[in-house]
Amino acid sequence: MATMESLIGLVNRIQRACTVLGDHGGEGMSLWEALPSVAVVGGQSSGKSSVLESVVGRDFLPRGSGIVTRRPLVLQLHKTDRGQTDYAEFLHAPKRKYTDFAAVRKEIQDETDRITGKSKQISNIPIHLSIYSPNVVNLTLIDLPGLTKVAVEGQPETIVEDIENMVRSYVEKPNSIILAISPANQDIATSDAIKLAREVDPSGDRTFGVLTKLDLMDKGTNALEVLEGRSYRLQHPWVGIVNRSQADINRNVDMIAARRKEREYFETSPEYGHLASKMGSEYLAKLLSQHLELVIRQRIPSIIALINKTIDELNAELDRIGRPIAVDSGAQLYTILELCRAFDRVFKEHLDGGRPGGDRIYGVFDHQLPAALKKLPLDRHLSLKNVQKVVSEADGYQPHLIAPEQGYRRLIDGSISYFKGPAEASVDAVHLVLKELVRKSIAATEELKRFPSLQADIANAANESLERFREESRRTVIRLVDMESSYLTAEFFRKLHLEPEKTPNSNPNNPNGHNADRYSDNHFRRIGSNVSAYIGMVCDTLKNTIPKAVVHCQVREAKRALLNNFYAQVGRREKEQLGAMLDEDPALMDKRTAIAKRLELYKSARDEIDAVAWK
Ligand SMILES: Nc1nc2c(ncn2[C@@H]2O[C@H](COP(=O)(O)OP(=O)(O)OP(=O)(O)O)[C@@H](O)[C@H]2O)c(=O)[nH]1
């Protein structure tokens, strides 16, 4: 199994990757939350900064009155070889190596203000600081704002609660190790750190109690009750600390000297001498490092499980919203054509069956057209009165002698022209059905969902084609009707001619009578009924041929060549235009980017773990 250094280093690297990718807790189980870390909590002036600095062995934290720590500081300590110079690096400025720790302090302040402004607000976005030194142990600590009871001037009223919530959000995670700092010169029962720790970790499993300011206790009192675990029991032993006093700080007593002084304090202390080997900041650092390593070791299998599960979920999510599209124009063109074909497939399924809608075209031919034909005012046109009128007008001053050829013609032409209406109506009705099917097919094409621009382009192109097909279809059906007028079926009339005229008044012996008969009502009635019979025949023909023309010109063409023009246009387009056609919903693009980033994080974390596990 990996060494302690590599394990803590591993978690350090994953934590940094988390921060780079903006994963520092928040909603759901994040990788960050799965990683064990040490969170430092304490009331204001409890000595938090002092403890951190003495663990590091360097002065580098901002000081001042009021709430100085306003963003979490993720402090990663990396032990380097003896003799190396100490340096620090910020994740937000990875190129710069700080050897001057006063500059580190300044940068922490500046970087805090960069997010929170000078408003003294707080923010839960961490600052990442790595310190490389031979005098540290490998350890990651998160410095959090000090718990406070009152807002100071210039800070919003809510800050007390905001800080508590932020600190709680860190320490309530089951993977968080709590470093609870309490000053010895204060009743432990009133310690803010212990209060919060008790709340989130009642069993004391993951809380390390630290007692500072042992040197500041009233003469004649000591902290043995606390340090020996009698005042407040924790699973881990309490650690007492003596930090630099304010006077030491003012005198610039350096940290290494302070550590030595602290060691001497415990070794020579009459009260704590027996605990000396388990007291002090150096011991605390080692204790935490060992514990952190142990916890990481325990957690690795569940971290791997979380990573694998999340990678699967993210991949599935990416598949669902669609993978990113290629950037070169060839691939873009290919994608567009593929998407068009997907649409075309759905459209054909609608027409051919399998998906609903195509049957409505048959409905036009089977109901709408016959009903419209039936409603034509042919009876009125071929009424006795009208027949008489049309025939007489056609005859002019010279009445027809045998049969009113011109009259017939005019009556037939007049009747046939009525068919244009239903013929055009069928064309329009089918056009509407096809248009609706285009709309439905676009909506039903899964692959197109992410491309609103292309959806619109396809809809426009398809509708343009349908419009053309409609025009062609309209011309064709009108021509069919016109053809019926152009040439009449002579045979039909010849047959009529062979039938003897049977009229009640006719008297074959009286030629005058016959002549008079020619202009009787019956004569015209007969003409009317002859024309009506002929028109009936034409109607039957058109009832059959109009659907054929409509299907030929509109339906068949829609199936065959709905997007042909579009394909030709797309083929001529430039890269930018193709790219624009594949524009996606910006929200979706953002979502994909976010998922891709997280995926990258989890994959790199998996690689990191693999690399350590195989060492
Ligand atoms: N004598 C002595 N003074 C200490 C000890 N620990 C901290 N101090 C002093 O107490 C004051 C506050 O210490 P800090 O380390 O700044 O405490 P803090 O919790 O970080 O304070 P805030 O960041 O303001 O919340 C400083 O003047 C320290 O010098 C200690 O163990 N002994």
Side-chain angles (χ1 to χ4, degrees), residues 39-73 75 101 105 108-109 112 116 120 122 127 129 141-155 159-160 162-164 166-167 178-186 188 190-197 209-219 221-223 226-227 238-255 257-266 269 271-272 279-285:
V40 187
V41 282
Q44 263 197 307
S45 278
S46 58
K48 233 161 21 73
S49 312
S50 300
V51 170
L52 278 173
E53 286 183 328
S54 82
V55 164
V56 177
R58 280 291 193 168
D59 279 287
F60 66 98
L61 289 172
R63 297 190 179 274
S65 59
I67 297 159
V68 178
T69 309
R70 284 179 291 113
R71 286 175 62 183
L73 175 74
L75 182 62
F101 281 76
R105 169 179 305 149
I108 295 175
Q109 269 160 347
T112 299
T116 61
K120 304 289 173 226
I122 59 165
I127 299 174
L129 174 63
L141 297 157
I142 304 168
D143 187 19
L144 294 164
L147 296 161
T148 163
K149 301 237 167 18
V150 281
V152 298
E153 209 184 329
Q155 280 171 335
I159 194 134
V160 175
D162 292 346
I163 290 179
E164 193 174 320
M166 190 216 284
V167 174
I178 306 165
L179 192 63
I181 315 261
S182 314
N185 56 354
Q186 210 183 55
I188 197 74
T190 65
S191 158
D192 295 310
I194 289 300
K195 244 187 263 168
L196 188 61
V210 172
L211 207 57
T212 57
K213 305 193 184 180
L214 287 174
D215 58 320
L216 292 185
M217 292 185 74
D218 290 338
K219 282 233 148 50
T221 61
N222 65 53
V226 177
L227 291 178
W238 281 79
V239 179
I241 297 269
V242 176
N243 289 313
R244 290 178 305 170
S245 65
Q246 191 57 49
D248 292 338
I249 294 171
N250 296 347
R251 274 191 288 121
N252 271 329
V253 171
D254 83 72
M255 295 301 312
R259 275 192 190 173
R260 197 177 52 241
K261 235 178 108 184
E262 185 189 31
R263 218 167 29 238
E264 280 164 19
Y265 174 89
F266 283 111
S269 159
E271 288 110 337
Y272 311 121
M279 294 287 132
S281 37
E282 271 177 290
Y283 174 74
L284 176 67

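Indexing begins at 1, ligand by ligand and atom by atom, following the structure's order. The analysis underlying the following values was restricted to heavy atoms, covering all of them including side chains, and did not include hydrogens, waters or symmetry mates.
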Which part of [X] is near ligand 1, with near meaning a heavy atom under 4.0 Å away: side chain, backbone, both or neither?
X    : result
E53  : neither
N243 : both
L61  : neither

Any idea which atoms of ligand 1 are less than 4.0 Å away from a heavy-atom of [X]?
X    : answer
G43  : 19 (O)
R63  : 16 (O)
I249 : 29 (O)
L216 : 1 (N), 2 (C), 3 (N)
V242 : 31 (O)

Heteroatom proximity flag, Q44 to ligand 1, N/O under 3.5 Å: no
Polar proximity ligand 1 side, S46 side, N/O cut 3.5 Å exclusive: yes
Can you find a heavy atom in the side chain of [X] that is under 4.5 Å from one in the side chain of [Y]?
X    : Y    : answer
L61  : L73  : yes
L75  : F60  : yes
V51  : V40  : no
K261 : D248 : yes

Among S49, G146, S45, closest by any non-hydrogen atom to atom 23 (O) of ligand 1: S49
Option whose closest heavy atom lies nearest to atom 18 (P) of ligand 1, chosen from K48, K213, Q246, R244: K48
Between side-chain atoms of residues 211-218 and protein atoms elsewhere (two or more places apart, or another chain), which donor-acceptor pairs fall under 3.5 Å?
| from | atom 1 | to | atom 2 | distance (Å) |
| --- | --- | --- | --- | --- |
| T212 | OG1 | S46 | O | 2.6 |
| T212 | OG1 | S182 | O | 3.4 |
| K213 | NZ | S45 | O | 2.6 |

Single hit among Q109, Q246, E53 for side chain to side chain donor-acceptor pair (under 3.5 Å) with R63: E53
Expected output: side-chain Y272 to main-chain A223 donor-acceptor under 3.5 Å: yes
Side-chain donor or acceptor of R244 paired with backbone N/O of V253 under 3.5 Å: yes
Non-hydrogen atom of T69 closer than 4.0 Å to ligand 1: no
Side-chain donor-acceptor contact under 3.5 Å, S54 with E262: no
